[in-house]
Amino acid sequence: MTLLRAVKGMNDVLPDEIGSWQRVEAAYARTMSLHGFREVRTPCVEPTGLFVRAIGEATDVVEKEMYSFRHHDEDLTLRPEGTAGAARAYLEHAVHAKEPTSRWWYSGPMFRAERPQRGRYRQFSQLGAEIFGDPGPGCDAEMIDMLVGFLGDLRVPGVEVLVNSLGGPATRARYRDALVQYLTPRAAELSAESQRRLATNPLRILDSKDARDQAAVRDAPTMSELLDDADRAHFDGLRRHLDELGTPYRVDARLVRGLDYYTRTLFEIKGAHDALGAGSTLVGGGRYDLMLAELGGPQVPAIGFAAGLERLLLGSGLAPPGHAVDTLVAPLGEAAASRALSIGRELRRKGIRCEVDTRGGSLKSQLRRANTLGARMVVILGDSELAEGVVQVKDLEARTQDRMPIEQALRIIVDRLMAASRSVDSRPPAPGQEKP
RNA sequence: GUGGCCGUAGCUCAGCUGGUAGAGCACUGGAUUGUGGCUCCAGGUGUCGCGGGUUCGAACCCCGUCGGUCACCCCA
């Protein structure tokens with residue numbers, strides 16, 4: 001019988017790796033809380049129409065990457081991104097009528113039926129956030145600055161912020177025409193892929209990796225030349241804020257994103273860690289002032305971003321925390337087993353992370369286990385200790401061992417571990433936290 | 001969807017364009033009949049991914065297939 005495997009592009013996160021995930025998630029929750037964002041949880045499954053309307057019918061995500069299915073009479077889709085669902089929830093609960101601005105964050109699995117490669121999976125996790133109801137460039141700048149700080153917390157090397165402005169739909173239409181007009185006489189110089197895109201999605205030619213396309217596009221008109229006054233003022237405001245914050249960024253006139261809903265501010269943050277491979281984009285985001293109206297709601301301006309958790313893990317310089325238990329209770333023989341369980345319970349009630357070696361085995365093997373668990377203290381309970389109502393308390397670090405009544409043992413273990421954790425906490429960031 | 005590379009022990013891999021499969025790590029036990037980390041010793045019946053072909057003989061060569069991975073497209 002052949003073993004069943006996980007679905008292609010959908011991965012297990014085993015306990016050895018989960019510490020890294022939790023570390024990133026905790027840092028993210030902290031950042032969000034410091035900036036006044038509150039968590040929202042929306043379903044993984046939404047009506048297919050939501051994504052078609054929010055993301056855009058002609059996008060790659062909607063055209064070929066969605067996990068869509070028909071269940072009874074409903075067309076449903078596993079969410080490929082988080083913004084559409086958040087926007088739907090915001091409108092469905094009429095949150096705009098209850099508070100002028102809302103700051104929401106989310107994290108969770110997203111699904112895209114693409115060919116997997118490094119940092120890109122069919123089920124992947126995004127950390128995202130949205131600000132609803134704030135039209136100004138101030139919150140755009142705050143969001144970008146916040147993300148730079150967050151990536152700094154994660155020790156991501158080589159953080160690079162790219163910003164651009166797409167203007168509004170009218171600007172984009174004008175720009176699209178200008179670009180097509182510029183490129184059509186040069187069509188022969190473009191890659192085959194881009195010749196096709198010239199008709200379907202000309203903006204995408206701008207960020208093509210093909211050298212021929214890059215050359216053809218080098219002197220093409222840029223979006224910023226066509227921004228209207230209000231768009232320009234917004235973009236200038238964003239840049240001024242970032243300059244004054246001292247947040248490093250680069251204006252990239254060729255920055256384009258694959259989702260249709262963006263207006264005005266657009267940004268992308270890359271990392272430089274070798275492990276990232278081709279997927280160096282860690283965060284992508286932008287403003288979508290028109291999307292809520294297009295979904296049938298009021299005209300509420302909004303901005304949001306999404307960060308790929310798997311990519312943050314690849315791109316971060318943080319070492320995974322080790323698995324550790326403070327104390328191991330080592331019973332020798334059947335008679336001591338029950339007593340060992342109750343000692344374990346007592347220790348845990350005092351907040352001591354503790355494992356009882358229920359497999360039994362030799363004392364040597366139990367001490368080895370204590371060692372691999374990272375336990376500092378071991379409570380040894382053999383027949384002679386049991387008979388006398390005492391235990392042996394072994395301190396693996398101090399290499400001492402004492403025989404004492406259980407009450408005293410509990411006190412000593414608590415004292416030593418608490419003292420140890422205090423001294424650890426007062427130290428500056430521990431060495432060895434960074435990857436080699 | 002397209003292309004490159006790779007499938008050998010739990011993991012990382014070696015295996016000379018053909019002669020019947022190895023190392024390190026991990027794990028377990030022992031040296032120490034109830035005392036860890038270091039050291040030493042011992043412990044492997046592995047569909048060599050699968051199917052077919054060539055050959056006296058295939059982990060190795062050929063064809064097919066499945067899986068993985070990296071990259072493209074696109075994206076987080």
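Per chain, numbering begins at 1; letters A, B, ... match sequence-line order.
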Check whether any side-chain nitrogen or oxygen of [X] sits under 4.0 Å from OP1 or OP2 of [N], and answer yes or no.
{"X": "A:Gln117", "N": "B:A71", "result": "yes"}
{"X": "A:Arg118", "N": "B:C70", "result": "yes"}
{"X": "A:Lys8", "N": "B:G68", "result": "yes"}

For [N], what is the paired nucleotide under Watson-Crick or G-U wobble rules, both distances under 3.5 Å?
{"N": "B:C61", "value": "B:G53"}
{"N": "B:G1", "value": "B:C72"}
{"N": "B:G22", "value": "B:C13"}
{"N": "B:G34", "value": "none"}

[N] base to [X] side chain: any donor-acceptor pair below 3.5 Å?
{"X": "A:Ser384", "N": "B:G34", "value": "yes"}
{"X": "A:Glu114", "N": "B:A76", "value": "yes"}
{"X": "A:Gln392", "N": "B:U35", "value": "no"}
{"X": "A:Asn371", "N": "B:G36", "value": "yes"}
{"X": "A:Arg399", "N": "B:G37", "value": "yes"}

Euclidean distance for [atom1], [N] against [M] (whole angstrom):
{"N": "B:G67", "M": "B:G30", "atom1": "C1'", "result": "41 Å"}
{"N": "B:A59", "M": "B:A21", "atom1": "P", "result": "9 Å"}
{"N": "B:U8", "M": "B:U47", "atom1": "C1'", "result": "12 Å"}
{"N": "B:G7", "M": "B:C50", "atom1": "C1'", "result": "11 Å"}

Pick out which of A:Val283, A:Leu151, A:Leu154, A:Leu282 makes a side-chain contact (heavy atoms from CB on, under 4.5 Å) with A:Val159.
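Per the side-chain contact (heavy atoms from CB on, under 4.5 Å) rule, the option paired with A:Val159 is A:Leu151, out of A:Val283, A:Leu151, A:Leu154, A:Leu282.
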Map A:Asp395 and A:Ser125 onto RNA chain B by nearest heavy atom, then report which one ends up closer to the 5' terminus.
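Going by which nucleotide is closer to the 5' end, it is A:Asp395.
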Would you kindly compare A:Gly119 and A:Gly9 by the position of their nearest RNA chain B nucleotide and give the one closer to the 5′ end?
A:Gly9
Under a plain distance cut-off of 3.5 Å, with no hydrogens placed, do A:Thr171 and A:Asp231 share a side-chain donor-acceptor pair?
yes
Parallel, tilted or perpendicular: which describes the rings of A:Phe132 and A:Tyr288, with under 30° parallel and over 60° perpendicular?
perpendicular
Check every strand shown and say whether A:Val61 touches a base, only sugar-phosphate, or nothing at a heavy-atom separation below 4.0 Å.
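If one applies the 4.0 Å heavy-atom cut-off, A:Val61 turns out to touch nothing in the nucleic acid.
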Need one value for A:Glu81: base, sugar-phosphate or nothing, where a base atom within 4.0 Å counts as base even if backbone is also close, heavy atoms only.
nothing
Check whether A:Tyr182 forms a cation-pi arrangement with A:Arg186 (NZ or CZ under 6.0 Å from the six-membered ring centre, at most 45° off the ring normal).
yes
